[in-house]
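Here is the structure we will look at, set down as structure tokens.
Below, read A as the first sequence line, B as the second, and so on, with proteins coming before strands; counting in each chain starts at 1.
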There are 2 protein chains.
Amino acid sequence: MSKSTGFYSQPKHLVAVDCVVFGYEDDELKLLLYNRDLEPAKGSTSLVGGFVQEDESIEDAARRVLLEITGLENIFLEQVSAFSEVSRDLAERVISIAFAALIRVDEYNHELVKKMGAYWVPVKEVPQLIFDHNQMVDNALEFLQKKSSYDLTGKELLPDKFTLTELRLLYEAIFQRPFDPGNFRKKILSLNLLERLNEKDRQSSKKGAFYYQFKKNEEITIGDRIFKIH
Amino acid sequence: MSKSTGFYSQPKHLVAVDCVVFGYEDDELKLLLYNRDLEPAKGSTSLVGGFVQEDESIEDAARRVLLEITGLENIFLEQVSAFSEVSRDLAERVISIAFAALIRVDEYNHELVKKMGAYWVPVKEVPQLIFDHNQMVDNALEFLQKKSSYDLTGKELLPDKFTLTELRLLYEAIFQRPFDPGNFRKKILSLNLLERLNEKDRQSSKKGAFYYQFKKNEEITIGDRIFKIH
DNA sequence: CCAAAAGTGTTCGAACTACACCCATGA
DNA sequence: TCATGGGTGTAGTTCGAACACTTTTGG
């Protein structure tokens with residue numbers, strides 16, 4: 001084991017980041033996974049991740065990993081928690097920080113993702129993952145639910161314009177439960193964060209549903225939780 | 001810089017834990033600080049912390065540090081977040097995980113704390129701390145407020161028996177705002193987590209206030225947030 | 001015309017706020 | 001007896017849950 005050769009005489013550790021990447025497609029919440037291409041457990045299913053380098057923070061490392069896999073910059077990214085059981089990695093001791101990331105499926109580079117061997121899996125069908133990655137997924141989903149309770153998620157997962165039904169379906173996917181359409185609509189509009197466009201989506205209904213978009217410059221953090229709606 | 005000599009060929013890092021230790025005394029929320037006894041910045045004010053060793057998880061490391069300083073085991077301890085800016089430590093690159101800890105002042109070893117050079121400071125008077133420790137304090141306080149919104153904090157900070165006024169004062173200290181005494185009382189009792197003892201505190205009022213204690217075996221996690229009370 | 005989704009309105013009840021008011025007792 | 005904190009009661013309001021109802025339009 002390596003003791004530091006620098007100022008502090010203390011053990012050093014491998015530090016990794018693992019990203020729980022959420023996307024929303026076909027009315028479903030999905031996760032970006034890939035088949036591990038290095039030993040140990042080569043070929044088994046894993047979150048996307050990588051090791052923290054000397055010249056980068058953990059957030060930088062997570063951003064770098066996501067850029068390499070999706071071609072996207074400026075991804076929504078937030079720390080979930082650190083995992084550090086001594087034997088969590090089968091090969092060597094690795095401390096890993098789990099991140100939650102939100103991806104807009106209309107923006108990421110589909111070819112790049114495919115080339116990197118990554119693929120989307122519905123959160124309801126996440127397979128057995130390597131190490132403690134299933135735990136990371138659970139924590140990240142809980143994180144997403146809390147965030148969505150306070151912050152009106154949608155900007156990060158939906159296209160620029162979307163109908164209120166689409167937003168509701170997203171929330172139903174996140175919380176894994178139905179919301180009353182009428183109540184949902186009223187609650188959302190009362191927040192005053194969206195503006196209606198003079199354009200309708202005509203795909204999903206005969207009447208047509210107005211598109212909405214997030215208002216610019218409304219970085220309001222809502223003091224209280226948004227969602228108690230059933 | 002040391003590349004791993006083990007399985008993975010990747011850089012290794014110093015990893016530390018820093019504990020934001022909350023205590024409650026004299027109707028005030030306090031933090032346990034100490035004057036740093038090693039360079040760099042020897043003598044400046046700091047959170048209690050230490051380096052993660054090879055055979056321990058970060059939680060183990062935090063527990064070890066707290067045991068060394070307070071003599072207590074089984075302290076409430078939870079991860080807040082990781083800090084990893086490359087130059088956050090003046091001497092060498094250190095990734096640190098901040099923890100929030102809750103201490104009952106009637107339990108910790110006062111002499112030991114004194115001997116270790118640690119001391120309590122009211123949260124409202126926290127001085128300039130080393131590195132990014134003030135940020136850690138802010139995050140930990142926010143953490144404590146969120147926890148207390150959902151979980152009825154008090155078990156971790158108050159003595160076994162306490163009056164509802166004491167509990168209210170604790171909440172006022174945590175949230176830095178007053179609560180209506182009558183409404184607070186009704187809300188708390190409606191949760192059904194406390195039981196009244198046949199014993200009164202006669203110090204603080206002529207009438208005397210009943211002591212309460214947490215019911216045994218009530219590990220109920222409340223689904224919704226507890227506190228909206230004003 | 002009718003089915004189906006968009007969108008509005010209405011009622012009920014739970015829960016929080018504000019505040020009045022009674023209680024017990026030591027000085 | 002009265003000041004003080006403990007403790008109870010209550011009216012008003014807000015807000016979510018449930019659900020009925022209206023609107024629009026393609027088939």
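- Distance from the side chain of Phe210(B) is smallest for dG7(D) among the nucleotides dA17(D), dG7(D), dT25(D).
- Remark: the Lys186(B) side chain and the dG9(D) base include a donor-acceptor N/O pair separated by less than 3.5 Å.
- The side chain of Thr165(A) places no N or O atom within less than 4.0 Å of a non-bridging phosphate oxygen (OP1 or OP2) of dA5(C).
- Out of dC19(D), dG6(D), dC19(C), the shortest distance to the side chain of Asn183(A) is found at dC19(D).
- Within 4.0 Å (heavy atoms only), Ser204(A) reaches sugar-phosphate atoms of the nucleic acid but no base atom.
- Heavy-atom minimum distance, Leu129(B) versus Ser46(B): CD2-N, 4.2 Å.
- If you take CZ of Arg196(B) and C1' of dT8(D), they are 13 Å apart, rounded to a whole angstrom.
- Side-chain proximity of Lys206(A) to dG26(D), dG26(C), dA6(C): nearest is dG26(D).
- Atom NZ in Lys187(B) sits roughly 18 Å away from atom C1' in dT8(D) (whole-Å rounding).
- With hydrogens and angles left out, the side chain of Lys207(A) and the base of dT23(D) share a donor-acceptor pair within 3.5 Å.
- The one candidate from Glu195(A), Lys161(A), Glu199(A) that meets the side chain to side chain donor-acceptor pair (under 3.5 Å) condition with Gln213(A) is Glu195(A).
- For the pair Lys146(A) and Tyr150(B), the cation-pi test (distance below 6.0 Å, angle within 45°) is passed.
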